[in-house]
There are 2 protein chains.
Amino acid sequence: MSRNSYNIDIESVFEGVCGLFPNLKPEEREIMRNNITCQYFRKGEIIYKEGDTPHGLVCLSKGKVKLYKEGVGGRDQIVRMAKPIGFIGYRALFAEENYSATAEALEDSVVCIIEKNAFMGILRNNAELTLNILKSVATELGFSTNRTVTLTQKHIRGRLAESLIFLRDTYGLEDDGKTIKVYLSREDLANLSNMTTSNAIRTLSGFAEEGVIELDGRRIKILDHHRLERISDLG
Amino acid sequence: MSRNSYNIDIESVFEGVCGLFPNLKPEEREIMRNNITCQYFRKGEIIYKEGDTPHGLVCLSKGKVKLYKEGVGGRDQIVRMAKPIGFIGYRALFAEENYSATAEALEDSVVCIIEKNAFMGILRNNAELTLNILKSVATELGFSTNRTVTLTQKHIRGRLAESLIFLRDTYGLEDDGKTIKVYLSREDLANLSNMTTSNAIRTLSGFAEEGVIELDGRRIKILDHHRLERISDLG
DNA sequence: GTCATTTTATGCTTTCAAACATAAAATTAA
DNA sequence: TTAATTTTATGTTTGAAAGCATAAAATGAC
């Protein structure tokens with residue numbers, strides 16, 4: 001398949017992944033190197049599905065990925081946005097559960113997987129590394145709890161403003177210092193902000209009319225960061 | 001103070017806490033024993049506040065505790081209900097952050113604290129233990145994400161039904177096999193289910209009229225578990 | 001026991017966001 | 001290219017839950 005003929009430089013990918021693990025011993029590095037595989041995913045392709053069993057630690061080396069859960073009424077809820085270089089699906093791996101969300105590539109992406117047993121073997125003998133991971137999972141639990149409160153208590157405008165700020169902080173801005181460096185559909189934006197697509201479109205138009213943002217298709221320019229933050233804070 | 005003259009058997013409390021750590025080495029056990037302190041909290045008292053700095057691993061040995069965050073409009077959101085024997089506030093400890101929620105005793109409670117540095121020192125030398133903790137924090141992150149989806153997407157009846165089931169599963173039932181073994185105010189029930197107190201009261205009355213539950217002050221008897229679960233699942 | 005405060009209960013009104021209905025614009029496929 | 005599909009846009013209607021008002025009941029303080 002053409003997607004596999006796309007040439008991935010596994011060595012540089014591996015180096016990138018290792019950068020996320022400080023103080024890895026040479027033998028641990030070697031184990032990882034021998035148990036890593038790479039895969040290419042095109043925009044829109046599913047990396048794994050909610051309910052699948054994890055077979056290793058998945059690392060996003062290139063591209064952007066959304067993680068979403070199917071909601072009660074079939075409406076999806078985006079629970080995380082991943083950027084390179086970073087891990088996805090680790091929660092399920094560490095909890096020894098199946099994936100609780102689906103991972104879908106938002107752009108053409110490169111993903112590599114460190115085989116489960118090899119990786120867990122390293123953890124079992126490296127308390128410092130495990131403690132580092134514990135720290136980031138604990139941090140993420142904080143984000144998640146916070147998100148529960150804001151998504152349930154803020155009004156539509158506050159939720160959307162928060163999402164835009166979140167996207168800006170996660171993916172950064174283009175060279176113009178204004179355009180958010182990720183191009184989501186209005187539907188994705190809605191699923192991230194817990195609202196219907198119609199309301200995302202409407203509210204976005206509202207922000208544009210007020211001069212807080214500027215819209216150009218999927219490009220969103222933040223014109224007034226301060227005001228956007230105020231909208232987010234007020235709820 | 002009379003609350004402190006209340007006699008706590010620290011040895012048995014310590015044994016209880018140790019039961020949560022399987023395979024603790026004798027020297028680790030000794031460190032813990034030398035760095036543990038106990039405290040008694042009466043119903044309604046605050047164990048720690050959102051924003052406080054953790055000084056150790058807090059363990060609830062006796063009683064019941066609610067953990068809540070202050071929401072945007074001043075409305076509280078209960079993010080966790082703790083029961084003995086179990087830990088509270090560990091997320092902040094492991095994330096090296098301040099507490100992200102307030103812990104308040106729902107009944108007279110006994111709490112003990114293992115000093116931070118002593119405990120973290122044990123973790124740094126015990127990968128297996130750290131991995132166990134990582135597993136539970138990862139599991140909890142799953143719960144939290146799930147909760148975000150249900151709290152935002154389910155309707156009032158579904159959310160309240162889910163909370164009742166959650167309370168039943170967390171605290172169990174009285175000997176009659178029906179009464180939920182925790183007695184919350186309508187306001188707490190509302191803050192747990194993301195709704196106003198009025199709506200908690202109204203919806204609860206509705207369930208009682210339909211014969212799904214029976215109310216007697218704060219006592220809630222579940223008459224039809226199956227139907228309650230159906231209400232929760234339908235959203 | 002009495003008084004004050006908090007909690008519970010219920011009715012009525014308002015409001016925010018969802019649902020629905022089109023239609024224009026932009027992609028994608030043929 | 002044209003046709004088909006998806007995405008975006010906007011107006012209108014509907015409905016669920018919040019807000020407000022009031023009162024009864026329960027709890028706690030004195």
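Residue numbers start from 1 in every chain, and the chains themselves are labelled A, B, ... in the order their sequence lines are given, proteins ahead of strands. Model, not experiment: these values are computed from the prediction.
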Can you check nucleotides 16-19 of chain C for protein contacts, nitrogen or oxygen pairs under 3.5 Å, and list what you find?
from   : atom 1 : to       : atom 2 : distance (Å)
C:dA17 : OP1    : A:Ile156 : N      : 2.9
C:dA18 : OP2    : A:Asn199 : ND2    : 2.2
C:dA19 : N6     : A:Arg202 : NH2    : 3.4

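Toward the 5' end of DNA chain D, the nearer of the two residues A:Leu184 and B:Lys43, judged by each one's closest nucleotide, is A:Leu184.
For B:Arg157 against B:Glu210, the heavy-atom pair with the smallest separation is NH1-OE2, 2.7 Å. Closest of all the heavy-atom pairs between A:Cys59 and A:Val17 is SG-CG2, 3.5 Å. Closest heavy-atom contact between B:Lys154 and B:Asp233: NZ-N, 4.4 Å. Looking at every heavy atom in both residues, B:Leu173 comes nearest to B:Gly177 through CD1-O, 3.2 Å.
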Inset, instruction - Assess whether side-chain contact (heavy atoms from CB on, under 4.5 Å) is satisfied between A:Met81 and A:Leu67, documenting all intermediate values. - result: CA-CA 6 Å; A:Met81 300 288 294; A:Leu67 290 113; over 6 Å; no
Inset, instruction - Output, in order, the C-alpha distance, side-chain angles, deciding distance and verdict of side-chain hydrogen bond (donor to acceptor under 3.5 Å, both in side chains) for B:Asn146 and A:Lys69. - result: CA-CA 8 Å; B:Asn146 219 50; A:Lys69 283 173 79 79; 2.9 Å; yes
Inset, instruction - Kindly determine whether A:Arg219 and A:Glu174 satisfy salt bridge (charged side-chain N to carboxylate O under 4.0 Å, His left out), including the steps that lead there. - result: CA-CA 10 Å; A:Arg219 296 171 65 87; A:Glu174 302 285 3; 5.2 Å; no
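Counting 5' to 3', DNA chain D first comes under 4.0 angstrom of a heavy atom of chain B and last does so at the ends given by D:dA17 to D:dC20.
Aromatic ring orientation, A:Tyr90 versus A:Phe94: tilted (interplanar angle from 30° to 60°).
Among the protein residues, B:Ser205 comes within range of the sugar-phosphate backbone only, with heavy atoms under 4.0 Å from sugar or phosphate atoms but none that close to a base.
For the pair B:Asp216 CG and C:dA9 C1', the interatomic distance rounds to 15 Å; values are reported in whole Å.
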